[in-house]
Amino acid sequence: MNYWLVKSEPFVYSFDQLLLDGQTRWDGVRNYQARNNLRAMKKGDYCLFYHSNEGLAVVGVATVVREFYPDPTAEQGDWSAVDLAPLKAFTRPAPLAEIKAHPALQQIGLVRNGRLSVMPLTFDEFSALLTLGETHI
DNA sequence: GCCAACGTTGGC
DNA sequence: GCCAACGTTGGC
């Protein structure tokens, strides 16, 4: 079992939309580090969903339902997509300000490299974020 | 709207 | 292979 965090601008694709859709293709990633993280995702892994630009909070948990395959939106280059399904909305969004202030979350990509869109989490980091979100899975 | 951080591109 | 220039992301 691995733990991840993905970012999305909510006006492009929100967690609420994922709840409505039931499943979505996570495509359009054009960064090698993020792509390699996508490729390391296994079916059943947990994936936290962060709203960037607006919201600035982790808002829910998703799960990987299909492992990586060629990104159909890529006209050139070696890019990958995965499929995600929603698992649970956070009881309370976990705001970036609290994440940045949390001693156990100083090492996550969200804090250290604000621009990475798909990043791994340790189990402890994942748990700390669930606690901030007052959510159990 | 500004700007810092980072990744990519391209000239040498 | 280095590095300057440029573009993009994303928080503030």
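Chain naming here is simple, since letters A, B, ... match the order of the sequence lines and numbering starts at 1 in each.
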### Task
Kindly write out the residues that satisfy side chain to side chain contact (heavy atoms under 4.5 Å, CB included) with R30(A), not counting sequence neighbours, or none if the list is empty.
D71(A), T73(A), A74(A), W79(A)

### Task
Applying side chain to side chain contact (heavy atoms under 4.5 Å, CB included), name anything that partners Q17(A), two or more places apart in sequence or on another chain.
Y13(A), S14(A), L20(A), D21(A)

### Task
Any pair with a residue in residues 6-17 of chain A that passes salt bridge (Lys or Arg N to Asp or Glu O under 4.0 Å), sequence neighbours left out, goes on the list, sorted by first then second residue, please.
none

### Query
Which two nucleotides bound the region of DNA chain B that has atoms under 4.0 Å from heavy atoms of chain A, read 5' to 3'?
dA5(B) to dT8(B)

### Query
What is the nucleic acid contact for L56(A), judged by heavy atoms within less than 4.0 Å: base, sugar-phosphate only, or nothing?
sugar-phosphate

### Task
Return each pair, listed once, that meets salt bridge (Lys or Arg N to Asp or Glu O under 4.0 Å) where at least one residue sits in residues 89-103 of chain A; pairs must be two or more places apart or across chains.
R92(A)-E98(A)

### Message
Which residues pass the side chain to side chain contact (heavy atoms under 4.5 Å, CB included) test with F68(A), not counting sequence neighbours?
### Response
R39(A), S80(A), V82(A)

### Task
Just call it for R30(A): base, sugar-phosphate, or nothing, with non-hydrogen atoms closer than 4.0 Å on any strand.
nothing

